[in-house]
Engineer: 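Would you mind keeping the following structure in view while I ask a few things?
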Amino acid sequence: MAKVGKVIEEIKRILKEDTRGLTIQEISEKTKVSRITASIALAKLEGAEEIDIRVIGNCKLHYLKDKEK
Amino acid sequence: MKMKYKSSNKKKVLMISIVLLLLTAFGTLSYSYIREDSINLSATGKVIAEVSSDFYNSVAKIIGFAVDETTLEPEPELSGEVQEETAEETIPEPEIVEGPEQTQELEEPIVEEQPAEEQQTIEQPANETIVPEENIMEEQTNITTPEIIANKTIENILGVNETLTNSTIENITEETNITIPEIIEEANITIVNETIEEINETIINETLVNETAITGNMTAFNITTKQYKAVINRKVKWIKTFKVDKTEAGNLTLDIPKQATNITVRTGEEVQEALSEIENYEQIIEQADRKEIAEKSIEEGTITGMVSYDIEESKGILTRFIEWLNKLTITGEVIQENELQEEITEKQDTKEIDLTNIIEQAGEQDEIGVEYYTPAPISEEKIISRGKQVIVSGPDELNYTDVLAYTILDNKISINNSEKIKLYWIREETEEQLAEEIMPAQEEIEEVNITITNETTEEINESIEETTNGTAEITENNTEIEAVTNETIINEPIEETTNETAEPTITALAIEELSNENTSSAELDNFTNIEEVEELEVSQTQKSITRTTREEVNFTAYDLDEDGMIDYIEWEVPHLSNQTYEIIYITKAEHLDENYTFVEDVYEQVKALDENWTLIPDGDYIRVAFEKPLDKTKDITIYARVKDACSASENENNFIMINGTEVPCDIYQKKKRIDEIRRLLGE
């Protein structure tokens, strides 16, 4: 859990810097964790309503909520 | 039954008596047999006496034991004798031998199959009776084993002996074989080395004797001139040596170059010491700290490198060695220049040293050496668009050879990428030389001595000057020019020359230069990786064509300030007087400023479409070189993008105008991103 917690904080930092929207693949590469770990962290963020997700085809773009800006 | 028993007892007694008689007879025979053997085997007299005196008693005892305890403990001596007899008797009879019981009886006495205890009991009496240890085995063989076994044993022994003999012979043979090739190899290597050295020395001698001007009767002396290792920006040391021949009388003078300074005359052993210093000097230069060599250049002000201030000022081994050479311990056999002032006469082109007195004082066959220094070869540097040009020069008449040249570079190329630096030797050849190259194609190509090549090169240069001044064509020294041409043809393909001469094809770039300029020289920038570029240079006034060839030269790169970048390279200049080199930085993609001046190598950033970009500011250029000629089949798509218009430095309001509408930058970037994803997904 501690690892996921760190990943969540890292993802929030990355999404705050890059507002264009990132895919799971890009987030896992930037945080240097597996796609599974990145997916779990993103799901937690989604559940906490801290991120927005835009689906384009079979791809998801993740954005940090406006309130965080 | 009693009668039968009595009769059987009688028979038994009879048999025993017969056996006793037989054994008595046998004992006599065996005694004589043992006695003979004892004598033959050089047994001691004591043993023989004991045997002879106690034999009958002992035989009697033996017989008694043999009768009573035959089945319990067979007496070794008895069994041996019996077995020997039995073997001799049974072997000729095949029926007995084939029987299983008889076979056992026969096999029992065999030493190899008997138990160890039995062997000991057999051997001990033999040892007691036959003393010499060396003969024990032979005696045992004769006594305890049948003849067949003895023969087998002998065969085995012989076999062993044979084997031993063979192995001994093999060892000797192997040693012999090993020794002989080693000697031969060593001899070969030594001979080859000596031969090469002798050849080199011969070449040097021939070269330099020709240059030495000798007056008086000194022509009879075989004068050898040797040059110490030359390094640019350092004075060059020379030594002329010869052996005294007092049969030659008269005024003996030696000519040395006019530029010679620090003249010293050595005699006797000092000459050999000086000659040995030549090799040491070369080694010391090879091992010298390059910072120290470069330091000299900076002192002379010929180098304008970025690392000049990084180089330490402390004296290194090279400086100390040169100082040591200068201050070499002076013995009575060294005469310095201040003592020679009266003997030295300056002429128009040379200095003349009168050696008459020195030769008179020297012993017969003594060696005399005249040392002197000549001005240092120098290098001039010029920055060109893609590197620098270095002209290494020295006085023509001195004809320096094997000069160590170097230059300081400005930390552009990593020490691991030394292949990105190319060093070219630039040579110019005139139309006449080009034309001459064709001629020897039908002639035999001969090996040209280095000495001859150097001399003829100078002469050809002189001839070129004459042509430039509008005088007659080259007609002199045809043979020597041919010799040079031979060498040129060896180095370069004849086909290229043929094309150029038969049809004066000039490259498009050269034509463009000619149309734009009236001057005779035009420099071509080499933007390709072609190692040798030919440049045709046409003088409109003289109508002569010169060709510039670039020959790649090996060099050694150093990182003197240990920052991971190359800041010093050195190379060998085969001969002077004037040689031009170009140092080119090879980059496949380079960022140039508005003046086409090299800014940085950006190849790593732009070599692939991998989201790594490089920024080329407005007005600057990027120049990309391709290794292969491009045509319509090659993809040369350039991927370029405008720098983000929403960056804070350029757009303080974080808005971007799209079709007259202000769009927030974050919205614009999100839209761009979505478009990018859709494009990747093919939507």
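First the proteins, then the strands, lettered A, B, ... as listed; each starts at 1.
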Engineer: So how far is it from B/Leu681 CG to A/Ile56 CD1, rounded to the nearest 0.5 Å?
Structural biologist: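 One gets 7.5 Å once the value is rounded to the nearest 0.5 Å.
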
Engineer: Taking the side chain as every heavy atom from C-beta outward, state whether A/Leu22 and B/Arg673 have any atom pair closer than 4.5 Å.
Structural biologist: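 Touching, per the 4.5 Å side-chain cut-off.
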
Engineer: Just so I know, are the side chains of B/Lys670 and A/Arg54 near enough to count as touching, which here means a heavy-atom distance under 4.5 Å?
Structural biologist: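 SC-SC contact between B/Lys670 and A/Arg54 ruled out.
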
Engineer: Please classify the contact between B/Ile667 and chain A as side chain, backbone, both or neither, with a heavy-atom cut-off of under 4.5 Å.
Structural biologist: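 Neither part, no heavy atoms under 4.5 Å.
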
Engineer: Can you confirm whether B/Glu562 is buried at CD, in the sense that more than 12 heavy atoms of other residues, nucleotides or ligands lie under 6.0 Å from that atom?
Structural biologist: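 Incorrect, the count does not exceed 12.
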
Engineer: Heavy atoms only: give me the nearest A/Cys59-B/Ile677 pair and the separation to one decimal.
Structural biologist: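 Minimum heavy-atom separation between A/Cys59 and B/Ile677: SG-CG2, 3.9 Å.
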
